[in-house]
Amino acid sequence: MEATLSRPAARCCCLLKTTTTSTSRLLPSSQQQSRPKSTRARHKAALNVPPHPSFLSNPSPSSANGATTLIFNPPSSAPSVFQTPFKFLPKSDPRRRAALGQKLFASSVTTNFATAPVDVNALPTIFDDRSPATTPKNHSLTKEDVEEMRRLRLADPVKNSVLNLARQFGCSVMFVMMCVQAGKEHRDKVHVEPHAAARERWGPKKREAKEDRKRRMEMLMRGEI
Amino acid sequence: MAVKALQAVSQGRNGVGAFILQCKRIDLHYCDWAGSSKGMNGFIKSLFPKFAAAHPQIEFTVSPRPAKHPVAIGHYINGRSKPICVRNMEPYEILKKLELLRDASGEKLKKVTKPVRSVNESVRGIWSPYHGNGMPL
Amino acid sequence: MRHLPRLRGAVSASLCCSSPSHIRTTAAVAAVATTSSSTTAQSLQRRTLSTSVTDVGAVEVQTPPQGLKPPSQKWQVAVRPDQITDPAYVPAQDGLELEEDGGLDGWWENPANYGVGKEWVGFGPAEKVTDPAILEVATYRALVEALLLSQNWSDPVAREAVLSSGWGPMVLTTTAAKTKFHNRPKSTLLCVDREEMVAALQKHALPATERETQLESEEQVETAFAAEQEVEVNGEAETAVTTEQQAGVTEEAEAALAAEKTAEVKEEDDLTEGVIPAEQAQALVKELGHEWKQANLRNPVLKFFAAKRIQKLTGHKIPDGKLVAITTAGSLVKELVKPPKAKKLAEEIENKEIFQSLPNVKVFPRRVTPIDKEKMVGRWKVIREELERRGLPVIGTANIDNAIEKKWVTGAK
Amino acid sequence: MMKRLRIERATGQLLAARPGAASTPSIALRAAQVPVRHSSSSAVEAEPTPIYEEDGTDHSRFPPLEKLPPLTSTLPSPLPERALQSAKLAALHARLSLSPKIPLQTLARTLVDPSADPSPQFNNSSLAFLGSTIINYHASESFMVHYPRLPMDVLYAAMTGLAGPAPLNRIAKAWGTEVAAAPGGEVDPGLLQFSLEKTGESVLGFGYTRTVVEKINKNNWQRSVASKVIYDDDFGQVITPPPQPEEEQPAAEEEKDSEFSNTSSPKFSPTSYGSSQTRELSEKAHANFVRAVVGAIYTHSGREAAKAFVKAHILSRHLDLERLFAFKHPTLELALLCAREEFDPPVARLLSETGRLSRTPVFVVGIYSGNDKLGEGSGATLEHARLKAAMHALKAWYLYSPGQGLRVPSDVLDDGVKSGKAWEPVYVDIGELISR
Amino acid sequence: MAGKWMGSLSEAMRGLSLAAQTCRTVPVRTAPLISRRSMATESPISKPLSNITRSVTEEWQPITSVPVTIHSFPSLEPRALESYSAKHLYLPLRRDILHLAVVFEGDNTRQGTAQAKTRWEVAGSHRKVRPQKGSGNARVGSKQSPIRRGGGKSHGPRNRDFGTKLNRKVYDLAWRTALSYRYRRGELIVTEDGLDLPLPEDFLQQAQDGLLTRELEDAFIQKYVGEMLGAMQWGKADGRTTFITGEERTNLFTSLDVAGEEGTALELEDVDVKDLLETGRIVIERSALKEMIKQHRSDLVTSIAMPNKVMKEKTLASPLYPFPHEVSEA
């Protein structure tokens with residue numbers, strides 16, 4: 001991902017550049033240490049930033065006849081909660097109807113606006129099986145399929161794990177879990193005992209790390225981090 | 001399941017809805033005999049009535065304190081108090097001191113460096129390097 | 001006039017100063033002794049003090065004084081201890097056991113020992129009149145009489161008599177109230193219709209003048225007076241004489257003197273009957289109205305008369321500096337009715353009602369003590385109840401020493 | 001949630017809240033009380049205390065600062081007519097910029113807690129009840145108009161955070177209310193009076209007591225949202241019935257007084273200050289004071305003044321609604337939400353990242369449904385970022401606001417009656433996600 | 001005259017109209033903490049008619065002479081009335097001039113006899129105390145050096161005259177200003193000549209017979225003077241009293257020596273401006289007042305003798321009452 005530099009920083013850097021040059025010209029032999037030429041050159045090169053294209057872009061034809069154009073320069077910050085996404089706006093909401101909305105939300109991206117509409121499908125997804133979005137489902141499982149699922153699961157819960165069954169039958173994990181519950185002994189054998197044994201083996205650091213992780217997750221759920 | 005609610009208490013912002021003057025009481029002490037109270041006694045008779053009428057939201061108590069220098073003590077809503085000894089002062093100097101007491105917030109004196117202190121989040125949010133459409137360099 | 005002699009030399013003075021202790025010791029011895037009195041004992045003190053030695057008899061013969069009754073001059077010499085027959089006699093071991101007798105301590109507590117000028121009565125009633133209605137009536141009457149006197153009232157003796165006469169019977173006041181001012185253009189001060197007032201004055205104030213003649217003729221008038229008045233009268237007589245001598249007039253002076261003597265006679269029974277009652281005064285004030293207060297007062301002599309009358313009637317002395325500023329009857333009344341200047345700031349605030357309309361100001365008349373603060377927040381009853389429950393004094397330390405906590409801890413009694 | 005003002009539940013005492021009505025019964029009742037108290041306290045005076053007056057001080061040296069009728073200190077709360085002398089009270093009146101229509105006696109009455117003076121003729125219970133209904137009404141209507149999608153629990157939390165006892169306590173403190181150490185007749189009427197020994201009963205909030213209250217309190221059962229709405233009070237708290245002996249409390253107190261006269265049991269037990277219980281009591285008393293002030297404003301100067309006062313002092317405070325949310329399965333909830341709203345199922349996509357192999361990586365994950373981004377979050381792991389993005393999307397949904405400064409039903413209350421048109425909501429939500 | 005009459009009539013009408021409305025605003029606060037005297041008849045009084053803005057009809061007459069009442073001493077009966085010039089007894093208050101005079105008097109009453117010995121006056125030989133070098137101690141000259149114990153004082157006090165100067169006219173103005181100040185405040189009581197304190201006759205008799213010890217006498221005099229002045233409200237409680245007489249009066253002076261806390265008695269030549277300003281009131285006899293003013297009017301009368309015009313000594317105080325014609329006719 002390319003390193004980006006947002007506009008306010010650039011502006012202040014421009015100020016910095018001018019001031020430094022001027023001062024160095026005014027008092028060459030002052031107490032402030034003068035930088036070696038290489039660094040200075042690099043800084044000049046780095047700080048030589050043109051203003052934001054939204055300011056350079058010549059006015060749109062709509063504003064050719066003296067009408068004001070809107071320069072939309074979204075904040076370079078994480079979106080606020082109180083900024084309702086376009087899709088969440090109810091039909092009656094004026095923001096949805098406004099022409100501004102039409103123009104701005106053309107890319108149908110509420111926050112982190114891009115100059116050009118981004119191709120959402122180009123963005124990499126985070127692989128998650130449990131998310132019903134990833135795998136295509138057939139919602140036409142018959143009674144037999146469910147019976148088969150139950151049989152397989154009870155026959156060999158290790159091989160026919162929930163995930164495998166979901167993949168095999170093309171349904172969601174939750175559906176599998178709704179259909180069939182493996183026996184208690186299997187649950188203990190697979191989940192409880194190994195975890196208990198593992199916990200026995202944990203040293204203080206690891207236990208602390210695990211607890212921290214747990215605590216971090218709770219804090220995350222409370223929105224504190 | 002769904003959403004759980006956390007508890008929070010609203011913060012007061014004095015002056016947003018209503019403004020409460022932070023100085024809630026001013027005590028004036030004088031001495032009938034001592035010469036250092038001369039100005040204070042004159043002030044209580046001459047200037048003080050107008051001042052008190054102009055500030056009905058402040059409670060004023062006037063009480064003698066024999067064989068002591070005259071004092072004006074301001075009590076504030078945050079529980080602190082600010083005493084000022086006004087011995088040998090002219091009535092107008094004492095008026096200045098009372099205005100000082102009235103305008104004080106009762107906090108300890110501290111240097112205010114930031115022009116604005118607010119609980120509201122800034123309109124543009126906190127800058128983050130991962131947002132905004134940056135410019136390629 | 002007789003003067004206070006201060007002829008004593010240093011020696012006698014020092015002896016005098018040492019005398020009380022001397023009295024005390026001798027008296028103590030006397031007290032220890034049985035009550036066998038030796039009347040003709042000479043005191044060491046008298047020998048030291050008196051320039052001319054007089055015997056005790058002379059002292060006792062002397063009339064009991066009005067000014068001062070000196071301590072008893074009798075001294076008795078104590079019996080020698082070996083001659084004491086009283087079996088109940090126990091010799092004292094040290095001076096503290098000796099009883100004290102005589103001496104000057106506790107002497108001034110007995111009012112019979114001296115009659116001091118506490119009954120000083122100046123020109124006018126003993127205590128000032130403070131009732132506003134009476135003051136107003138008195139002012140009005142004083143103005144009427146002053147007018148009558150100032151406008152060619154011929155006889156100076158009679159004038160003096162009127163000036164220094166008291167309230168007199170009620171008729172005078174009522175007639176004075178009835179005599180109304182009526183405006184006359186040419187006078188700075190309004191003039192009164194004078195007939196019945198003159199008649200009343202001649203009826204009630206002037207008999208003094210023809211009584212004064214035979215009073216002056218015989219001298220036992222002095223005896224008719226109380227002694228201290230006599231003193232004042234003498235004083236005034238002399239001073240008056242001196243003044244008139246400067247003025248070069250004598251018999252006028254006798255007249256004035258006699259007149260004021262009689263006036264004092266009148267004043268006495270007037271004071272016994274006292275000033276007029278307040279409710280009558282208020283009734284009179286109602287009928288007087290307020291227009292007379294517009295009357296101009298510019299004539300200094302008139303103001304002098306009025307001031308003298310007012311001082312005689314009410315006891316209020318109006319100083320000259322104030323009289324200069326007073327130009328109307330209203331300001332005169334105001335000057336009289338004005339309350340005395342407050343000594344404390346709180347009282348002044350209370351009188352002037354400075355903060356009456358400010359509900360957010362609280363003025364305390366005295367120091368606000370910690371107990372008061374506790375009472376205001378209601379904690380005092382708790383503190384008091386707790387103290388009483390522990391048997392501790394509510395206020396003050398009931399002479400409980402500092403180690404009381406230690407006693408609690410150790411349980412020592 | 002929005003309950004109408006049931007003023008008739010308080011009218012009887014509300015009439016007494018007006019000064020003219022308040023003074024006359026007060027005098028009568030005081031006259032009735034004094035002899036009883038007199039007999040009770042006469043035994044105390046019988047003790048030989050020669051120089052002390054009945055307040056135990058030496059009046060020859062320090063005459064009393066205020067002329068009080070005899071045995072005033074035995075009354076539970078100061079006499080109403082003393083309110084005119086109190087500078088504190090006048091200053092408080094001006095500080096809150098109350099209208100002159102509100103007399104000082106009423107303001108003094110709002111400062112008397114039921115725990116200090118049990119008689120409802122003199123304490124602020126009725127005013128506080130009225131005020132609480134007004135405050136909760138305005139708070140809830142503003143929430144429901146401005147945030148129509150708030151879940152019920154969050155709405156309850158927001159109500160508690162804006163109009164509950166804790167914020168009202170802070171408001172009372174911010175008004176400069178001073179507290180009397182022990183309530184009594186001789187106390188300055190400008191002080192808030194409540195006792196830490198007795199707990200006076202006060203009617204606050206509507207609702208019904210559940211039959212299984214003690215079970216719920218013992219092993220804290222889950223209460224369904226619907227049952228909260230139906231049974232519990234305005235803040236979703238279970239209403240606990242007042243204990244039985246509280247009913248004849250005044251009589252019991254009389255008993256205690258009379259028996260105190262002959263036995264020497266302490267009238268005021270030294271209470272341990274700063275304990276959680278006393279803190280809760282004082283918080284309750286302060287909150288009731290604020291509610292009573294609002295009730296007094298409503299009584300004397302009408303609905304609009306009360307509404308403006310609530311707006312100015314209570315609704316204007318800052319409450320961060322975003323912090324009230326806590327989720328359990330945000331992704332699942334978001335999926336269900338999208339399913340309900342017939343959006344495309346949400347997909348988490350990686351927007352940007354840095355330092356994946358470093359010790360402190362940052363992932364920025366956005367959640368998309370179709371082409372629309374619903375929310376985004378950044379975290380140190382993909383999982384955290386995804387959860388945060390989901391929570392962000394959910395909060396964005398719940399905290400949807402049609403706009404600020406909208407017309408609330410109470411705006412229409414007065415001009416609606418004259419113009420005859422009712423209040424129409426800008427947006428009505430179909431309700432929160434109910435699932436399992 | 002007619003105009004004046006119209007003026008007075010209009011004044012009367014105005015007074016009536018003012019007296020008509022006499023309503024007070026009822027005070028908000030009740031139950032005053034301090035009981036105050038009822039002034040029932042005070043409200044109807046219209047405000048004094050001598051107001052600052054004079055009407056055009058009445059002409060401006062400045063106060064040129066002020067009356068002085070002559071009292072008889074023990075009973076303060078007004079006996080006579082005299083009129084003094086306003087330049088003598090009605091001057092405006094000038095604090096600065098009074099301060100100048102008081103400082104001037106204070107300076108001139110310092111005796112300034114303090115003197116300390118310098119190192120040259122301290123007795124003793126001026127031999128060097130110890131050799132310059134050798135001993136480990138500091139070098140020392142003579143033992144009278146100011147840094148040594150027993151040595152002289154380097155900048156000690158010397159006999160000198162602290163007296164300062166003040167222009168005579170200023171000082172005289174200060175005198176009359178002090179008198180005027182007292183007069184305005186009503187604290188100047190003028191009595192007939194021969195001001196003295198009348199003591200009880202028999203007490204004097206006993207004292208002369210020597211029946212009384214000194215302490216008896218003093219205690220009695222203290223009681224007598226204290227109670228008498230207390231009854232006149234002249235005593236200690238009302239800030240003492242200064243009696244000023246032409247020459248010493250035995251009873252008065254001795255009594256006030258004894259009862260010093262009640263007041264002081266001064267002869268005319270002992271009086272200073274500071275004495276006039278100190279106590280609660282000044283009681284001065286008529287001739288003493290005249291003499292005092294006569295001595296201190298150098299800024300009013302010229303001391304230059306004009307040959308052609310005869311200098312007539314105009315009388316200080318013109319008697320108003322008893323009426324001069326009555327006095328003269330006898």
Side-chain angles (χ1 to χ4, degrees), chain B residues 20-77 79 81 83 86-87 89 91 94-95 98 101-102, chain C residues 128 130 132 319 321-322 325-326 330-331 333-384 386-387 393-398:
Chain B
I20 302 288
L21 191 69
Q22 290 300 295
C23 176
K24 67 178 174 184
R25 193 168 100 229
I26 292 182
D27 297 345
L28 298 182
H29 296 295
Y30 64 92
C31 171
D32 277 314
W33 175 84
S36 65
S37 293
K38 194 156 164 294
M40 183 57 145
N41 298 5
F43 170 76
I44 290 174
K45 276 182 287 188
S46 59
L47 299 176
F48 178 53
K50 290 183 211 58
F51 186 82
H55 301 91
Q57 67 271 49
I58 305 179
E59 172 200 1
F60 293 96
T61 67
V62 180
S63 69
R65 228 174 41 152
K68 298 268 193 303
H69 283 312
V71 193
I73 308 176
H75 300 266
Y76 295 89
I77 280 179
S81 70
V86 294
R87 67 175 187 192
M89 281 191 190
I94 300 178
L95 184 65
L98 248 64
L101 285 179
R102 171 201 65 191
Chain C
K128 289 180 178 177
T130 57
K322 298 276 194 302
I326 287 173
S331 50
V333 174
K334 195 169 186 177
E335 173 67 29
L336 284 177
V337 170
K338 194 175 54 184
K341 194 172 182 300
K343 284 194 170 49
K344 293 182 176 302
L345 179 61
E347 295 167 1
E348 187 174 353
I349 290 173
E350 199 56 47
N351 295 340
K352 292 185 181 172
E353 302 181 349
I354 297 176
F355 300 114
Q356 209 69 348
S357 61
L358 296 177
N360 63 328
V361 180
K362 186 105 174 139
V363 180
F364 294 102
R366 61 164 175 83
R367 185 172 71 90
V368 178
T369 60
I371 291 185
D372 293 327
K373 289 176 184 152
E374 297 294 5
K375 272 190 212 155
M376 287 175 199
V377 299
R379 195 184 288 118
W380 174 244
K381 52 183 181 297
V382 187
I383 294 173
R384 176 165 174 247
E386 192 63 19
L387 286 173
V394 174
I395 56 177
T397 70

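In what follows, chains are A, B, ... by sequence order, proteins preceding strands, each numbered from 1. No experiment lies behind these values; they were computed from the predicted model shown.
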Starting from the C-alpha separation in whole Å, work towards a yes-or-no answer on salt bridge (charged side-chain N to carboxylate O under 4.0 Å, His left out) for C/K352 and C/E348.
-> CA-CA 6 Å; C/K352 292 185 181 172; C/E348 187 174 353; 2.8 Å; yes

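For B/H29, no part sits under 4.5 Å from any heavy atom of chain C, backbone or side chain. Contact annotation for C/R366: only backbone heavy atoms (N, CA, C, O) come within less than 4.5 Å of a heavy atom of chain B. C/I349 touches chain B through its side chain: at least one heavy atom from C-beta onward sits under 4.5 Å away, while N, CA, C and O do not.
At a heavy-atom separation below 4.5 angstrom, chain C is approached by B/N41, B/I44, B/K45 within residues 40-47 of chain B.
A centroid separation of 6.0 Å or more is found between the aromatic rings of B/F60 and C/F355.
No more than 12 heavy atoms of other residues, nucleotides or ligands sit less than 6.0 Å from atom NZ of B/K38. In this structure, B/R87 places its CZ atom where only 12 or fewer heavy-atom neighbours from other residues, nucleotides or ligands lie under 6.0 Å away.
Taking each heavy atom of C/E347 and C/A342 in turn, the nearest pair found is CB-CB, 3.9 Å.
In this structure, C/V368 and B/T61 have side chains that are not in contact, with every pair of non-hydrogen atoms separated by 4.5 Å or more.
Looking at residues two or more places apart in sequence or on another chain, you find a side chain to side chain donor-acceptor pair (under 3.5 Å) between B/S36 and B/H69.
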